[in-house]
Amino acid sequence: MSQAQAIDGRQDFIITKGKQKAHLKCDADSIAGCVSQRACVYCGARVVLNPITDAIHLVHGPIGCSAYTWDIRGSLSSGEELFRNSFSTDLREQDVIFGGEKKLTAAIDQLAAKYHPKLIFVYSTCIVGVIGDDLEAVCRTAAKRHGIEVIPVQSSGFIGNKSAGYRAACDALFRLIEPENRELVGKDKSINYLGDFNLAGEAWIIRDYLRQMGVTVNVVLTGDATYADLKKATRASVNIIQCAGSMHYLAGRMEETYGIPYMQVSFLGLEDTSESLRRIAAVIGDSEVVARTEALIAREMSHTAPVIEGYRQKLAGKKAAVYVGGGFKAISLIKQFRELSIEVVMIGTQTGRQEEYDTINDLASDGTVILDDANPSELERFMTDQEADLLVGGVKERPLAYKLGKAFIDHNHDRKHPLSGYVGAINFAKEVYTTVCSPVWKYVRAGGEGHE
Amino acid sequence: MSDKALYRDVNENPCHMCMPMGGILPIKGVEGGMVVIHGSQGCSTYMRRYISEHFSEPIDVGSSSLNEKGTVYGGEKNLKQALDNIRKVYNPKLIGVLTTCLAETIGEDINRMADEYLVERQISDLTIVPVSTPGYGGTQAEGYFLTVREIVARLAQPTPKHNKVNVIVPNISPADIREIKRLLDLMGVEYTLCPDFSDTLDRPYLEHYSKMAPGGTKLEDIKAMPGALATIELGATIGDEYSPGQFLLDKYGVPLYTVPIPIGIKNCDTFFRAIKEITGKALPDSVRTERGRLLDAMVDSHKYNFAGRSVIFGEAELVYAVSQLCIENGVYPAVVATGGAGGKLAELLHPMVKECPEPVKVLPESDFSEIREKSSSAGVNIAIGHSEGRYLTEHENIPLVRIGFPVHDRVGGQRILSVGYTGTTLLLDRITNTLLESKYRTYREDMYNLYYKEDSGGLSATKDEVNSDGLHCMS
Ligand code: SF4
């Protein structure tokens, strides 16, 4: 147990399964001085929209915000690469004093002339909210002038956290997908796949499974999507959503406005993947699709299951700590670790929602620590107290895990290997094996200093 | 030389970061130092991530997590709460409070808040160093130096003369800092090196982890800086208003020696000459041998290096020193770029680039879109700078020698050694070997395409000329 004291007000955000009845507090502002691991509204919006490959992503704000989010996700594209640039109005002192609208207009004009995009997203950052630039008006005028879409993303940084950014991104998407011809809405037999950002080609993997099942994907939001794809988004008859944190809100609005129903899926781990594919087949409701789905699952499972079993034998009995961005990922990880006979002893998220924490609580074993918006000091304490062998987390958590002599799984936007579907399940198991069973721990655990 | 407007409407792929980012590093380089970023939560998270990737170290940085209310009514309550919580968990000796765009735009008076806080809480064993670092006010390099200056200004006390030399270092790697310390120790020079993140941001694996990394410049030593023999500041490019050495000179009359980072034979010599002038201590034999080995390496590789045409980018101070190294070795720069105004960089480079046989583009306030365009048209075949230069590799096939901050797509950013005669030798080898590697990678194919293929028009004078650069003079 560490000597550091707990911070007032954090108690409500941490529970131990089986010991307390009370609900975990979540979805609140971070407490000042807590060294929260959370990102800002703009960042949340940017990660959702960034994978749209042929769009210009223009950050209206100071340089840092743009520098830190350049090529922010390992999203892959099958065509355009425009999205991998970071454009910024690079606001300076004089812009803060006199306003940045003129500069923004000029920036849009220059980019339109240089790249001829069909779509420009203009992101608002903290100070734009304060200096009061009228993004709507600038974008509207510029759109008219260039005959393209220029969509403002209201992601001023202090109005909440990453979740608020997801909402701002969804608002922008909702605007973008508005159909010209309402008659085509919901008329296609295809489905939309929401909440996959095509990290390391994950959306391609799922698209291929669905193709094998006889199900057509209309558009993925937003992995490897283009302007033209998104414009026909409302034609699909069903939305399936994976990363609920970022896309739940959009799916809800699409149902409300266009009557497109949605269902939640997860392609993390064998169990979730098979179950999700079956549910999609059932919704499509075509017996041939159902048959093809069963065949696909049988085929994939026949070569995946033995591999996973091999890893399970090596890993059984280890203990995992999980600290990830959203609740959906956390839930899937509990199940995925079970497939490897690894128990999750600590689990938390940056922006999980109440329903998700309820599910986590149901799934977790007694004694598991569940926490929202954790800070390094808490991660350290619970990883140590709960005797975790490994941590799943993002880039910032990695060095802490290593310093504590714990194995680490990268579950971040930057990773270069897919974790979705059957192949992803193998990659995941392999990564756990790679980090837990590395020979280096033998030397490290024998002690640091003074043990030569 | 500098041929561009300094104010642009759109930055395409930034070559620099924001001011508070740079401020974090020096605070992590003083004993018991902890940081609070006064602004919205996101800023600190970004910065932690970048720093953490570069150093592979946990980087704890507090944030006052300003929300809507704080933005409208002022963030004083948030900031004080942040200070309370940081003290509780980390028990620091010094807290640097860095502002952000947001805090500055709403006009937060952090000096007053910090003073009041100490009185209200009746604390006497904590130093708070407020630094005004609006993200839009400058680059991370300016944030870095300004923060060092404020730390020194806040702590320094009138002190009787003593034998130490103040050494102010820019954002170089922990390995570089250790090398400078090794050399000073070898020479028997007593010094206060500030900031010293050689241990705090490059921690050994220990059996027990502590939240506050041991190491860093001692607060006592910083207090006594006004009594030093002189200050050596590795900050040739920085403006006086950011210079800690200038502060010590103006306020306490400590003589100031401004020298470039000791990278390259000339810059190393300048560094040691300054030490000799201050302390009377000459190069020890062992260091003289290191110098000789560097000269030997320069001769060994000179023909390979002459085939290099470089683009050098990053923080002005490093860019300046690396440019000198490249010019010394014939890896003549075609493009020298920095994301910010670059202080005195352009002015200092002016006489140097005149020595170069081909024109050199000096680009302050640049971005990677421009760097790419200029490098491509100048036929650059090697890039030297931080990780974002991978953009040049991906799009223009220009290999990148990684140096500076951040290095986030390779391991070991904290261990890259480039200073002193030995460090320079290592850096020069990295450059030479990168040139050799790309030459050998394409050599067979190039020759085939040039001289064998029917439609190659092989032996025309122009092709010959284009290629002669890399290939002919090496046989
Ligand atoms: S540029 Fe300003 S708002 Fe953006 S990260 Fe830096 S300090 Fe924060």
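Per chain, numbering begins at 1; letters A, B, ... match sequence-line order.
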Counting heavy-atom pairs under 4.5 Å to chain B, which of A:C43, A:A107, A:S88 comes out on top? A:S88
Among A:R84, A:E397, A:K102, A:E81, residue most engaged with chain B (heavy-atom pairs, under 4.5 Å): A:R84
Consider side-chain hydrogen bond (donor to acceptor under 3.5 Å, both in side chains). Of B:R48, B:Q41, B:R49, which one does B:T45 pass it with? B:Q41
If you define the side chain from C-beta out and look only at heavy atoms, does anything of A:L400 sit under 4.5 Å from B:Y209? yes
Go through the atoms of A:I108 and report whether side chain, backbone, both or neither lie under 4.5 Å from a heavy atom of chain B. neither
Using the rule given for salt bridge (Lys or Arg N to Asp or Glu O under 4.0 Å), can you reason through B:K80 versus B:E120, listing the C-alpha separation, both sets of side-chain angles and the distance that settles it, and then say yes or no? CA-CA 10 Å; B:K80 288 180 177 169; B:E120 279 167 25; 3.0 Å; yes
One option among B:G339, B:C101, B:G75 has the most heavy-atom pairs under 4.5 Å with chain A, and it is B:C101
Heavy-atom distance under 4.5 Å to chain A: side chain of B:R203, backbone, both or neither? both
Pick from B:M47, B:E104, B:Q81, B:M19: which one has the most heavy-atom pairs with chain A under 4.5 Å? B:Q81
Looking only at B:P14, B:G135, B:G62, most heavy-atom pairs under 4.5 Å shared with chain A are made by B:P14
Consider only side-chain N and O atoms of B:N13 and A:N85, and report whether a donor and an acceptor are under 3.5 Å apart. yes
Is the shortest side-chain heavy-atom distance between B:M21 and B:F405 below 4.5 Å? yes
